[in-house]
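Okay, so here's the structure we're looking at.
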Amino acid sequence: MRYYRGEKLKFLIVLLFFGTSAWAQTGTDKEIDKIIAQMTIDEKVAMCHAQSKFTSAGVPRLGIPEVWMSDGPHGVRAEINWDNWGYAGWTNDSITAFPALTCLAATFDEKASYDYGVAVGEEARYRKKDILLGPGVNIYRTPLNGRNFEYMGEDPHLASKMVVPYIKGVQTNGVAACVKHFVANNQELWRGHINVELSERALREIYLPAFKAAVLEGDTWSMMSAYNQVRGQYCSHNEYLVNTILKGEWGFDGVYLTDWGAAHDTKQSALYGLDIEMGTGTNGLTYSEKNHYENYYLAGAFKELVKSGEVSEEVLDDKVRRILKLIYRTSLSKNRPLGSVNTDAHHEVARRVGQQGIVLLQNEDHFFPIVDKKGLKIAVIGENATRMMTIGGGSSELKVEYEISPLQGIQERYPNAEVIHAMGYASGPSQYGRVIPSKLDADVLKAEAIEVAKTADVVLFFGGLNKSHHQDCEDGDRLTYDLPFGQSNLIQAISEVNENIGVVLISGNAVATPWTNQVKGLMQGWYLGSETGHALADVISGDVNPSGKLPITFPKKLEDNGAHQLGTMSYPGDSINVEYKDDILVGYRWHDTKKITPKYAFGYGLSYTDFEISEVVADKKVYASTDDITITCDLRNNGKLTGAEVVQVYIGKHKSKVERALKELKAFQKVQLEAGEKTSLSLKVSVKDLQYYNESKSDWELEKGDYYIYVGNASDNISKRLKITISDNVN
Ligand code: BGC
């Protein structure tokens, strides 16, 4: 229910009444305060909670429009009914699905993130959304988290760098990004109530930086709470996280909204920074009926507190001021473009991000690229070769105009070869997120796949996870690190009849890969959205040289991951509390520091060409606390193909007085070079980025002394280590 016709007229009359055109207004604080002065308490409170599943109220009398929201983050979700979770069944809400954010992070390319943001923002704008519910930047702590595919990996620097351009891109459309889920929503199991206990250092150094960058550099106009509690208080109304850090230290001037149904208390919601409450079920029900919105914590009960004076009206005004500001930034922004959906440009962005994010993990005997030729027989095996992956996964599910499956992509790209197919295994259909065991006979499927594989020259196995419950899906974690549905056995069995086998993992998470000695090629294919099959075929065929790097670690086994090695209180907790005992040593920080070799390391990814990093130097040997460190190096493409490489700079403190990771990513740059081409690069790191968070002082501290700079093309492939010295302490 947008304001159209009658409402618009009313709005214009209101403008005349104010003697100025709101379209010309910029929404300065003064103007916003003038509007607030006209509003009743009822009108103000009405803006602070949902009035439907995905909108909050405006004030028709004053021409203040409603706020319309949509998921996010990989495309604009299909229209949901006004008052329940059913899809509205519109025929004009099919959109472009962009690759999942793990893939975007794997591009290590800020420009790709900006293009992605612009494109998804245009689609949101066209669909008349004011807030796009994304991106997500919760840190990848365990490969079991069902929602990792919606986030940007395990490293705070990478996530910070990648989230900023996404936000800026979305917001150029006059659509607010909504960065989620603030904070420490690192598991889906018990997400609605689990209390996360973590050190201040882990919070500041690992879990907060991407949110901080989203506010200070990305200027995000909204942020969504996490469902869980942190240190005994729900994130939706957490005094320390929201008042002290987000709105206090970082000066966030946007709207803080709940995750759907994540508010738990009126007074805390009022006082601890919540601006809009969304999705609360009424009387404990998940599905509300109309007019129950009055029962929200920030509705009737809140009004009473304000009217009785128990909560000052200024508290309410602060929320309304933020919401009005967001409205001025979005629906009242006079230069707002109109947006577009399903354009060639959007499809191109989706395909390009997919191409750039696919990670080549193993390539024995130059298995990839596979050249199309007459007489070549390619067996495409695996359920994920044909399964639609834009369906499922929870709130990020999308209704696409089209989705090219891997099989389709291979068929199109290999017109000369013969492409044969077998399903190989069946996961079973998913209904309301739950998997219904397949009625297909697993042995028959397996036997069929083996027969198909026997006759082929090359086998491409498309497996991995899918978007059902206990896979890569919201509201539940994976139950095991292993590949599900008997895939590991199937891969082994196929490899016994055909040794020319390459595996493409379609997943948003690391999985156990005990069969890599039996296969020649391995690619991490993520979830790539509408252009899945095209992007995969581009890389498999060699039309595009792979350049993605892992934004996550693949441990050899689950217990090698820090969160898992430290016992069940560390993951998943006892259902009441979870203690982040791995502390600051998340992902590669843990593997490096504890000397546990991963299967595939953070930052790792192969190319069809060979790169060489050389001449690595820092501009000085000794730096002051206010300096920048400039690291230069040469990068040469020694192979025969054009390709892109990501040069990565990690820095670690030598002999720190506190526990530190051996090294941490501090800069990276992706560069494309033609065969034989060489270039010089220069990467900058500010010395203050080497600070650690000193809990006893509640502040960042720079330790003087020696540091090592590591430059390479993966966290476990360092070309050169340099020693530098920081001359002064900063406390
Ligand atoms: C998810 C959010 C999502 C919201 C609205 C929640 O279950 O956690 O990420 O934006 O639903 O669909």
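Just so it is clear, the structure is predicted and the values come from calculations on it, not from any experiment. Just follow the structure's listing: the first ligand is 1, and inside any ligand the first atom is 1.
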Practice item. Determine the minimum heavy-atom distance between Trp526 and Cys103, stating which atoms define it. Key: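 That closest heavy-atom pairing would be CD1-CB, 3.5 Å.
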What are the distances between nitrogen or oxygen atoms of ligand 1 and protein nitrogen or oxygen atoms, counting only those under 3.5 Å?
from     : atom 1 : to     : atom 2 : distance (Å)
ligand 1 : 7 (O)  : Tyr227 : OH     : 3.0
ligand 1 : 7 (O)  : Glu474 : OE2    : 2.6
ligand 1 : 8 (O)  : Arg147 : NH1    : 2.8
ligand 1 : 8 (O)  : Asp259 : OD1    : 3.2
ligand 1 : 8 (O)  : Asp259 : OD2    : 2.5
ligand 1 : 8 (O)  : Glu474 : OE2    : 3.3
ligand 1 : 9 (O)  : Arg147 : NH2    : 2.7
ligand 1 : 9 (O)  : Lys180 : NZ     : 2.9
ligand 1 : 9 (O)  : His181 : NE2    : 2.7
ligand 1 : 10 (O) : Asp71  : OD1    : 2.5
ligand 1 : 10 (O) : Lys180 : NZ     : 3.1
ligand 1 : 12 (O) : Asp71  : OD2    : 2.5
ligand 1 : 12 (O) : Arg77  : NH1    : 3.2

Exercise for review: Quick one: pull up CG in Leu246 and OH in Tyr256 and give me the separation to the nearest 0.5 Å.
Suggested key: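 Spacing of CG (Leu246) from OH (Tyr256) equals 7.0 Å.
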Review point. Taking only residues at least two apart or on different chains, which pairs with a member in residues 213-247 satisfy ring pair (Phe, Tyr, Trp, His ring centres under 6.0 Å)?
Key: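 Listed by first then second residue: Tyr234-His264.
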Point to revise | Stepwise side chain to side chain donor-acceptor pair (under 3.5 Å) check, Ser530 with Glu401 | key: CA-CA 8 Å; Ser530 298; Glu401 194 198 26; over 6 Å; no
Practice item. Indicate yes or no: at least one non-hydrogen side-chain atom of His74 is less than 4.5 angstrom from one of Tyr116. Key: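 His74 reaches Tyr116 side chain to side chain.
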Check your understanding: With under 30° as parallel and over 60° as perpendicular, where do the rings of Phe54 and Trp85 fit, or are they tilted in between?
Key ->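 Judged by the thresholds at 30° and 60°, the geometry between Phe54 and Trp85 is perpendicular.
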